[in-house]
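Protein chains get the first letters and strands the later ones, always in sequence-line order, with residue 1 at the start of each.
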2 protein chains.
Amino acid sequence: MIHFNRKTEYALIAMEHMIRKEDSHDIGASQLTSAREVAEAYQVPYSLLAKVLQQLAGRGLIKSVHGTKGGYILAKDPEEISVIHIMEIFEGPMALAECFKEEKITCPQWDGCRIKHPLSQLNHKIYHLLADTSVAHLVAGH
Amino acid sequence: MIHFNRKTEYALIAMEHMIRKEDSHDIGASQLTSAREVAEAYQVPYSLLAKVLQQLAGRGLIKSVHGTKGGYILAKDPEEISVIHIMEIFEGPMALAECFKEEKITCPQWDGCRIKHPLSQLNHKIYHLLADTSVAHLVAGH
DNA sequence: TAATATAGGACTAGCATGGTCTTATATGCT
DNA sequence: AGCATATAAGACCATGCTAGTCCTATATTA
């Protein structure tokens with residue numbers, strides 16, 4: 001199916017939130033965003049969201065600050081982060097068919113398969129659609 | 001995840017097979033294609049493939065002929081059948097996010113959600129990519 | 001030292017996927 | 001007539017993923 005899983009959705013929601021926060025040049029307001037803040041703002045389960053943010057931090061997309069008043073802040077230019085990048089963190093490599101993500105071909109149909117080439121073209125088109133959409137683009141006005 | 005399930009894959013393989021068979025103007029050779037024939041040609045589990053063809057027949061995409069020497073034959077111009085059409089038979093309505101396929105909005109985040117619009121644009125683009133690819137396009141030379 | 005933040009592992013209910021098996025029915029061939 | 005073989009369709013099931021919870025450890029501030 002063509003579908004984001006929840007972790008991807010939560011990650012995109014959180015990223016959009018953080019980008020917008022950075023945009024609003026509120027002097028004084030902390031630029032840090034905590035997991036709890038996002039969970040409450042969007043009615044999303046805290047524990048799960050916390051994990052999501054941890055993974056984003058682990059991948060270096062956001063930077064974490066421990067302790068009270070801690071939280072997360074963008075670590076990269078959001079223009080440089082694509083939707084496919086986020087997706088692949090939480091869902092693994094994107095591939096319309098299993099065979100498109102294998103190093104070694106294990107599909108028993110591979111040799112006789114006559115649809116792999118046209119489908120792999122489709123695969124590429126979808127991939128680039130997602131690769132050409134940056135998370136910054138999710139923010140209204142960008 | 002962005003991924004076809006097996007039924008969709010098997011359906012596309014079978015459709016391509018039937019289109020190619022129709023193209024080759026073998027006089028005398030039956031135009032009918034049996035589930036067993038496809039299963040053996042592409043090393044695909046027979047019982048599952050049989051179900052897939054039944055569903056395609058039920059949707060009127062192919063026509064079935066009972067009995068010995070029976071089988072299936074295309075019931076429509078393959079140019080008129082899109083990949084998304086096949087997909088939605090086996091995987092339900094396509095939607096990047098759950099909320100894009102609901103009649104009544106049940107998503108608790110809906111009102112506060114700030115990414116639904118940009119994501120729904122992405123959704124549309126992917127949909128049209130799949131809608132603009134006909135199964136005929138899967139056949140080499142088309 | 002208490003409160004609150006991230007870090008991360010273990011665990012689980014529910015569900016979709018991919019598949020098998022069985023039975024019924026239609027048709028062609030000998 | 002009777003058998004082989006085709007579609008039709010239902011029940012059933014093992015496995016794996018999803019989405020979520022819970023618990024513990026560590027860091028930081030007040």
**Asked** For A:Gln31 and C:dA5, what is the distance between atoms CD and P respectively, to the nearest whole Å?
**Response** 18 Å
**Prompt:** C:dG19, D:dT7, D:dT18: which one has an atom nearest the side-chain heavy atoms of B:Tyr10?
**Reply:** C:dG19
**Prompt:** What is the distance from CD of B:Gln54 to C1' of D:dA8, rounded to the nearest Å?
**Reply:** 5 Å
**Request:** Specify the separation, in whole Å, of atom NZ of A:Lys63 and atom P of D:dA27.
**Result:** 18 Å
**Asked** Will you find, in the side chains of A:Glu37 and A:His17, an N or O donor that is under 3.5 Å from an N or O acceptor?
**Response** yes
**Prompt:** How long is the line joining CD1 of A:Ile73 and P of C:dT6, in whole Å?
**Reply:** 13 Å
**Message:** Assuming nearest nucleotide by heavy-atom distance, tell me which of A:Lys51 and B:Asn5 is located more 5' along DNA chain C.
**Reply:** A:Lys51
**Message:** In this structure, how many angstroms lie between the P atom of D:dC17 and the NE2 atom of A:His3, rounded?
**Reply:** 18 Å
May I have the list of side-chain donor-acceptor pairs in residues 118-140 of chain B shorter than 3.5 Å, sequence neighbours left out?
| residue | atom | partner | partner atom | Å |
| --- | --- | --- | --- | --- |
| B:Asn123 | OD1 | B:Leu96 | N | 2.7 |
| B:His124 | ND1 | B:Ser120 | O | 3.1 |
| B:His128 | ND1 | B:His124 | O | 3.1 |
| B:Thr133 | OG1 | B:Leu129 | O | 2.9 |
| B:Ser134 | OG | B:Ala136 | N | 3.3 |
| B:Ser134 | OG | B:His137 | N | 3.3 |

**Nearest-angstrom distance from the residue atom CE of A:Met1 to C1' of C:dG18** = 15 Å
**Prompt:** Is A:Leu48 reachable from A:Met18 through a run of I, L, V, M, F, W or Y residues, each pair having side-chain heavy atoms under 4.5 Å apart?
**Reply:** yes
**Asked** Does D:dA6 have OP1 or OP2 sitting under 4.0 Å from an N or O in the side chain of B:Arg36?
**Response** yes
**Request:** Can you sort out which residues in residues 37-50 of chain A have a heavy atom within less than 4.0 Å of DNA chain D? Ascending by number, please.
**Result:** A:Pro45, A:Ser47, A:Leu48
**Prompt:** Counting only heavy atoms not in B:Lys101, do more than 12 sit closer than 6.0 Å to its NZ atom?
**Reply:** yes
**Request:** To the nearest Å, give me how far apart CD (A:Gln109) and C1' (C:dG18) are.
**Result:** 13 Å
**Prompt:** When you check every protein heavy atom under 4.0 Å of nucleotides 24-30 of chain C, what one-letter string (B, S, -) results, 5' to 3'?
**Reply:** --BBB--
**Asked** Do B:Glu98 and A:His3 come close enough that some side-chain heavy atom pair is under 4.5 Å?
**Response** yes
**Asked** Between A:Ser64 and C:dA5, does any side-chain N or O lie under 4.0 Å from OP1 or OP2?
**Response** no
**Message:** Side chain of B:Ala57 only, heavy atoms from C-beta on: which candidate in D:dG20, D:dA6, D:dA8 is closest?
**Reply:** D:dA8
Listing, residues 72-89 of chain B side-chain donor-acceptor contacts under 3.5 Å, not counting sequence neighbours, or none:
| residue | atom | partner | partner atom | Å |
| --- | --- | --- | --- | --- |
| B:Asp77 | OD1 | B:Glu79 | N | 2.9 |
| B:Ser82 | OG | B:His85 | N | 3.2 |
| B:Glu88 | OE2 | B:Met94 | N | 2.7 |

**Message:** Suppose we screen for side chain to side chain donor-acceptor pair (under 3.5 Å). Which residues come up paired with A:Arg20, at least two apart in sequence or across chains?
**Reply:** A:Glu16, A:Tyr42
**Complete:** Separation of C:dG19 atom P from B:Glu9 atom CD, nearest Å, is 10 Å
**Complete:** In this structure, CZ of A:Phe90 is separated from CG of A:Leu12 (nearest 0.5 Å) by 8.5 Å
**Request:** For side chain to side chain contact (heavy atoms under 4.5 Å, CB included), just list the numbers for B:Glu9 and A:Gln109, CA-CA rounded to whole Å, side-chain angles, deciding distance to a tenth of an Å, and then say yes or no.
**Result:** CA-CA 11 Å; B:Glu9 280 185 36; A:Gln109 290 87 16; over 6 Å; no
**Prompt:** Quick one, which residues of residues 83-97 of chain A touch DNA chain D with a heavy atom under 4.0 Å?
**Reply:** none
**Request:** Treat each ILVMFWY residue as a node, draw an edge where side-chain heavy atoms are under 4.5 Å apart, and state whether A:Leu49 and A:Val65 are in one component.
**Result:** no
**Request:** Might you work through the side chain to side chain contact (heavy atoms under 4.5 Å, CB included) test for B:Lys69 and B:Leu32, ending with a clear yes or no?
**Result:** CA-CA 8 Å; B:Lys69 304 271 176 182; B:Leu32 290 176; 6.0 Å; no
**Request:** Begin with the C-alpha distance, continue with both residues' side-chain angles, and end with the deciding distance and a verdict on side chain to side chain contact (heavy atoms under 4.5 Å, CB included) for B:Phe4 and B:Glu91.
**Result:** CA-CA 8 Å; B:Phe4 289 156; B:Glu91 317 188 10; 4.2 Å; yes
